[in-house]
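We count ligands from 1, going down the list as the structure has it; atoms in each ligand are counted the same way. Quick caveat, the model's predicted, so the values are computed rather than measured.
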Amino acid sequence: MTEQLAIGVDVGGTKIGFALINRAGQVHAEMRAPTPVAAGAQAVIDQIAAGIQHLLDAATQPVTGIGIGFPGHIDRAAGVVRQSSNLRWRDDVPLRAEIHQRLNTDHPIWLGIDANANVLGEWYFGAAQGCQNVIFITIGTGLGGSAIVGGQLLQGANDYAMEVGHVQLDANGRQCPCGMRGCPEMYVSGIGFRAGVQEHLPTYPQSVLAGIDDISPAHILRAARAKDDLALAVIHEAQEWLLRTLVFCVSLFNPELIVIGGGLGLAAADFFIVGTEAQIVQRTLPMSRHKLRVVASQVNNSAIGAACLVWHELA
Ligand SMILES: [Zn+2]
């Protein structure tokens, strides 16, 4: 029997994930390749096209379309990437046209912001199945968000809704590279963790982190679990800023589910997920969070979410 297949591509700052899935979310084939960021946009597009071609060749059934989850600002209608700081793309890149040129096929290609692809993955095949109002928060190098509101993916007038990493929650907060102060990303992310260590180190000179040259979030989590004062200060600050961000989202959208994902979000689940529901209860009106649950993401391959951009467009 013929079944429809979709290809998903998750473009990250260090690697690109590819998956070929069917309507039920079963993975027929997958692969990963490094992102050649330093070699420039054309090299990255070559890599994306080569991965798609590999899965097109592997497909034993017709491929309905291709979804690409992308970090940055995109124009979905035009198929153009406007800007991506992760990939250091500053000018417009006509991604869809460039890939079509390389593939020599006319498979439809849909672009989506990576966090939107993630929430679709959870909605179709993960923690958010059957939910109508969902907030997805991804904590990694940066902080991102997306939402399903009333059974619809929230996109915004400029394809830029749910930019929770840069909601200015404290005009006197830490300086963010975006130009504003007090953005949650400067606290709840790998970038934020490092900024926190730098800021608080003078207060805790005895910290084990003081002797480490290139501090990673893994170092900070390990130190926090060993009760290091500096690491705990950074984590507690991150917890507070995550909570402020979530309370803001809960009050605005009245979700039934918050899904927390991203590499750091899952690695720090004991700090960022466990107990968060009870904390939200203390800072929101009962009507806003009456049905609310806070859970970890379940779809462990973001390329599956990217493939859901296809199923979402065809729904
Ligand atoms: Zn910012």
For a salt bridge (charged side-chain N to carboxylate O under 4.0 Å, His left out) check, start with the C-alpha distance between E3 and R23, then their side-chain angles and the critical distance, and finish with the verdict.
CA-CA 8 Å; E3 63 174 348; R23 282 262 187 189; over 6 Å; no
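The same ILVMFWY cluster, assembled from side-chain heavy atoms under 4.5 Å apart, contains both I99 and L87.
Between W241 and Y187, the two ring planes are parallel [angle under 30°; tilted spans 30° to 60°].
Looking at D10, its side chain never comes within 3.5 Å of a backbone N or O of G17 through a donor-acceptor pair.
Closer than 2.8 Å to the Zn ion (ligand 1) sit the protein N, O or S atoms H166 ND1, C176 SG, C178 SG, C183 SG.
Comment: R181 does not engage D170 in a salt bridge, judged by the lack of any side-chain N to carboxylate O separation of less than 4.0 angstrom.
A centroid separation of less than 6.0 Å is found between the aromatic rings of Y160 and H73.
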